[in-house]
2 protein chains.
Amino acid sequence: MMETLPISFTLAEFRKVTPLDESNIWSFLLDRNADRISVKRRGPALENLEKIFVATFRLANSVGFRAMTLRDLCQETGLSMGGLYGYIESKDQLAAMIEDAVRQTSEQMRTWFTHLKSPIDEVECLLRAFIFSSEILQPWLFFVYLESRTLAAEQRKVAKESELRFHSHIAALLEATGGFSEAQAFLLAAHCMACVQDWYVKRWKYHAEKISVDDFAESAVKLIRSYAEPQRR
Amino acid sequence: MMETLPISFTLAEFRKVTPLDESNIWSFLLDRNADRISVKRRGPALENLEKIFVATFRLANSVGFRAMTLRDLCQETGLSMGGLYGYIESKDQLAAMIEDAVRQTSEQMRTWFTHLKSPIDEVECLLRAFIFSSEILQPWLFFVYLESRTLAAEQRKVAKESELRFHSHIAALLEATGGFSEAQAFLLAAHCMACVQDWYVKRWKYHAEKISVDDFAESAVKLIRSYAEPQRR
DNA sequence: GTCTATAGCATGATAGAC
DNA sequence: GTCTATCATGCTATAGAC
């Protein structure tokens, strides 16, 4: 699907080809955790899953996941403690489900633009895809970014490795442009990651200034491209 | 003091002129909160303060501040619950003391390089000072970055304003170089902030690759300078 | 100035009614 | 499939001994 996109695609163009978005993610979640969810009727299950995760994002954001209580979660969702446990196995597994969903999308993303011939074009596409995915799934990525350190050691490790794989992929592409040593490419890739992650980490800052995600992506891509291809300026 | 620094100073040079570092911060903390700390003998008080805050950073990092218990804190510091309350008024005030210390240093930083004539030189100096300060006071800045959202509304607001003031200062300087519109300068300043904050947020990534803080600062500064001054490349 | 002991309440999880 | 009621544990904060 990604082959149909231009190099400098917009959010609207990206939306048409991305496999996961705000509305179909609940089905994805239900199917992936079907064995642990005891509720069988699909319609109400999807509605309650949405309530549970939206409330989790809100509560974890205001007090942190480990300090959020299941009683607060019940109050926000309208479920009882017993009802809630039909959807989750434990509080820790609730976080694990989020982390798993995010890792799935980020792992897929690395393969989306491997058909491109130019390394710097692939970098641009990956940065745009990262920014637009984080626009669509902001609460999910935000949760993992801020909470993975407080989760079980195993999940923490997996989250770090996932970030590092994406980082290394960008670094390898930058090195392939021929303009950078391995160490320079690693650092420049780190700057790329920091810039694009800022879109979902500091969302309040960009919203207050009414900056659109397309303008943000344009600015980040231009900064990196002008450094990797100085002759074009 | 900052007037004696060259434009592209190193960590070693910055250390000689910075007012606050790892060892004198405990005195600063004790004096600033003297009215709330009931312990009077200065020597033991400084030792216990160091134990309390170092343990707080470690525990908050592994479970989050709101989920960290004062019992864990007592076990790590060797103090009893009663003893601990000689140094803090409440758990919330412990976080407020950290937030206050960090805000002090960040507010001072904005005035350090106003004597420079060239806006882009001032940007370089501010970015280096920010990175080197965060190297020296990493656990403090890391705590505020990750925990301010979970603190009281008042503190959350103050932390955001502090970030925004620094951001706006950089943006104004970039606009003063003459190469950017207000909106472009805002976005480029945001990229600056994200890159330099990454040094203390993703420290594990840089340490694993054995990247020195001087190399990191050089890379970040070069990226921004090459964009703001394309003719020099 | 630091300790032990405890008050008063909230927590994650489960059992069993319907 | 969802509820209410309850368990055992752990929490912040304080009182009072030394």
Side-chain angles (χ1 to χ4, degrees), chain A residues 26 29-30 33-53 55-56 59-60 62-98 147 150-152 155, chain B residues 26 29-30 33-53 55-56 59-60 62-98 147 150-152 155:
Chain A
W26 312 113
L29 206 66
L30 181 56
N33 299 278
D35 47 338
R36 296 165 183 249
I37 295 175
S38 66
V39 182
K40 293 300 164 211
R41 281 166 52 234
R42 196 171 176 85
L46 289 174
E47 273 178 40
N48 281 333
L49 272 181
E50 176 165 356
K51 279 187 202 157
I52 290 168
F53 282 85
T56 298
L59 290 168
S62 68
V63 296
F65 179 74
R66 296 275 284 252
M68 166 194 103
T69 73
L70 297 187
R71 281 183 169 77
D72 290 342
L73 192 54
C74 288
Q75 197 167 29
E76 283 239 349
T77 56
L79 289 164
S80 64
M81 286 292 276
L84 178 64
Y85 272 85
Y87 294 91
I88 63 170
E89 213 164 50
S90 69
K91 195 185 166 191
D92 282 343
Q93 195 240 331
L94 172 58
M97 286 164 74
I98 300 171
E147 301 291 351
T150 72
L151 306 181
Q155 276 166 51
Chain B
W26 312 113
L29 206 65
L30 182 55
N33 299 278
D35 48 335
R36 295 164 184 249
I37 295 175
S38 67
V39 182
K40 293 302 164 209
R41 283 166 51 233
R42 198 171 175 85
L46 289 173
E47 273 178 39
N48 281 333
L49 271 181
E50 176 165 356
K51 278 187 202 157
I52 290 167
F53 282 86
T56 298
L59 290 168
S62 68
V63 296
F65 179 74
R66 296 276 283 254
M68 166 193 103
T69 74
L70 297 187
R71 279 184 168 77
D72 290 343
L73 191 54
C74 288
Q75 197 166 30
E76 283 241 349
T77 57
L79 288 164
S80 65
M81 287 292 277
L84 178 64
Y85 272 85
Y87 293 92
I88 63 170
E89 211 166 51
S90 69
K91 194 184 167 191
D92 282 343
Q93 195 240 331
L94 173 58
M97 286 165 73
I98 300 172
E147 301 291 349
T150 72
L151 306 182
Q155 277 166 49

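Computed over heavy atoms, backbone and side chain alike; hydrogens, waters and symmetry mates excluded. Numbered from 1 within each chain, the chains take letters A, B, ... in sequence-line order.
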Encode nucleotides 1-6 of chain C as B, S and - characters from 5' to 3', where the letter depends on protein heavy atoms closer than 4.0 Å: B to the base, S only to sugar-phosphate, - to neither.
SSBB-B
Please state how far atom CD in B/Gln75 lies from atom C1' in D/dC11, giving the value in whole angstrom units.
15 Å
Which residues satisfy the side chain to side chain donor-acceptor pair (under 3.5 Å) test with B/Asn48, sequence neighbours excluded?
B/Tyr87
side-chain contact (heavy atoms from CB on, under 4.5 Å) involving A/Ser90 - partner list, sequence neighbours excluded
A/Asp92, A/Gln93
Atom-to-atom span, CG of A/Leu73 to P of C/dT11 - whole angstrom:
12 Å
Atom CE of B/Met68 and atom P of D/dG10 are separated, to the nearest Å, by 18 Å
Only pairs under 3.5 Å count here: list side-chain donor-acceptor contacts from residues 73-83 of chain B, not counting sequence neighbours, and write none if there are none.
from	atom 1	to	atom 2	distance (Å)
B/Glu76	OE1	B/Arg58	NE	3.2
B/Glu76	OE2	B/Arg58	NE	2.8
B/Glu76	OE2	B/Arg58	NH2	2.2
B/Thr77	OG1	B/Leu73	O	2.9
B/Thr77	OG1	B/Cys74	O	3.3
B/Thr77	OG1	B/Leu79	N	3.2
B/Ser80	OG	B/Gly83	N	3.1

Can a donor-acceptor pair be found, under 3.5 Å and without considering hydrogens, that links the side chain of A/Lys91 to the backbone of A/Thr69?
no
Report the distance from atom CG of A/Leu94 to atom P of C/dG12, rounded to the nearest whole Å.
11 Å
B/Asp72 CG - D/dT9 P separation (whole Å):
18 Å
Atom pair distance, as rounded to whole Å: CG in A/Asp92 and C1' in C/dA13:
12 Å
Among all residues two or more places apart in sequence or in another chain, which pass the salt bridge (charged side-chain N to carboxylate O under 4.0 Å, His left out) test with A/Arg71?
none
Rounded distance (Å) that lies between atom C1' of D/dG10 and atom CG of B/Leu70:
12 Å
By salt bridge (charged side-chain N to carboxylate O under 4.0 Å, His left out), which residues pair with A/Glu47, not counting sequence neighbours?
none
